[in-house]
Amino acid sequence: MDIDYAIRKDEPLVITDTSTAAEITLYERWERSNRLSVMFIKTKIVAGLHGSVEQYENVKDLLKAIDAQFVTSNKALASTLIMKFSSLKHTSMRGVREYIMQMRNIDMSESFVVHYILISLMHQYGPFKISYNT
């Protein structure tokens, strides 16, 4: 079906009275692919993104808008994970195993864990932080 054609190729020149049959075919192919791609993406995205992406009719612009939304979402997710991670404390009431399981169940990337460890180190580890970051 070649639905991704509009994603892979730039929009061709708009059809005019002087357009050749090949140019018309190319534009119609791109336009169909673009329309189907936009329609498919809009039906599959979560409801929270609909308002911010509804105005896009070009699939490449739509994908850029969705990508921009996820950059914000990733930052919010990182903040949520940091708060969740930093609020967990081991108490003798719960036990070590439960504490470890809670920490392990938080979906964290390795880079997040490294970043968290670095920012949580005491001031005396400043040279180590600088060395790691360089």
Side-chain angles (χ1 to χ4, degrees):
M1 289 181 60
D2 210 18
I3 292 176
D4 65 338
Y5 183 77
I7 296 171
R8 292 182 287 115
K9 302 289 183 176
D10 291 331
E11 181 177 5
L13 298 175
V14 178
I15 299 173
T16 63
D17 294 336
T18 59
S19 297
T20 65
E23 291 172 332
I24 292 171
T25 302
L26 181 67
Y27 185 81
E28 288 174 348
R29 178 181 179 196
W30 181 90
E31 194 279 327
R32 180 178 187 278
S33 172
N34 183 64
R35 188 172 20 87
L36 290 172
S37 296
V38 168
M39 191 172 23
F40 179 77
I41 291 170
K42 285 183 179 180
T43 61
K44 298 298 179 186
I45 60 175
V46 294
L49 291 179
H50 278 286
S52 60
V53 298
E54 204 57 45
Q55 69 271 16
Y56 294 96
E57 296 302 323
N58 182 307
V59 69
K60 286 185 177 180
D61 294 339
L62 176 61
L63 289 173
K64 287 177 188 172
I66 292 170
D67 188 46
Q69 287 291 325
F70 279 104
V71 167
T72 304
S73 296
N74 285 340
K75 289 178 182 175
L77 176 61
S79 294
T80 302
L81 288 174
I82 287 172
M83 294 303 295
K84 192 174 184 181
F85 188 68
S86 63
S87 67
L88 286 176
K89 303 286 183 221
H90 174 254
T91 64
S92 59
M93 300 295 284
R94 289 190 316 190
V96 174
R97 183 182 186 285
E98 185 177 336
Y99 173 72
I100 292 171
M101 295 303 286
Q102 282 185 328
M103 295 295 274
R104 196 189 83 178
N105 288 336
I106 298 174
D107 186 25
M108 296 177 292
S109 68
E110 186 176 326
S111 62
F112 169 78
V113 174
V114 170
H115 178 71
Y116 183 80
I117 290 169
L118 286 175
I119 63 170
S120 67
L121 289 175
M122 293 181 285
H123 181 67
Q124 67 196 41
Y125 291 97
F128 173 74
K129 293 179 189 181
I130 293 170
S131 174
Y132 179 82
N133 287 326
T134 56

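- Atom CG in Asp4 sits 12.0 Å away from atom CG in Asn34 (nearest 0.5 Å).
- Distance CZ/Arg32 to OH/Tyr5: 13.5 Å, rounded to 0.5 Å.
- Of the residues Asn58, Leu62, Val59, Leu63, the one that meets the side-chain contact (heavy atoms from CB on, under 4.5 Å) test with Ser37 is Val59.
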| request: Mind running salt bridge (Lys or Arg N to Asp or Glu O under 4.0 Å) on Lys42 and Glu57 for me, showing each step along the way? | output: CA-CA 10 Å; Lys42 285 183 179 180; Glu57 296 302 323; 3.6 Å; yes
| request: Decide yes or no on side-chain contact (heavy atoms from CB on, under 4.5 Å) for Lys60 and Asp10, but give the supporting numbers first. | output: CA-CA 9 Å; Lys60 286 185 177 180; Asp10 291 331; 2.7 Å; yes
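- At least one donor-acceptor pair under 3.5 Å links the side chain of Thr25 to the backbone N or O of Ala21.
- Note: Glu23 CD to Thr16 OG1 = 7.0 Å, rounded to the nearest 0.5 Å.
- Taking every heavy atom of both residues into account, Tyr27 and Leu13 meet most closely at CD1-O, 3.5 Å.
- Between Ser33 and Ala6, the shortest heavy-atom contact is OG-N, 2.9 Å.
- Considering all non-hydrogen atoms of both residues, Pro12 and Trp30 come closest at CD-CG, 3.4 Å.
- Residue Phe40 is not grouped with residue Ile66 when hydrophobic side chains (ILVMFWY) are merged at heavy-atom distances under 4.5 angstrom, including chains of intermediate members.
- Salt-bridge formation is detected for the pair Glu31/Arg35: a Lys NZ or Arg NE/NH1/NH2 atom is positioned less than 4.0 Å from an Asp or Glu carboxylate oxygen.
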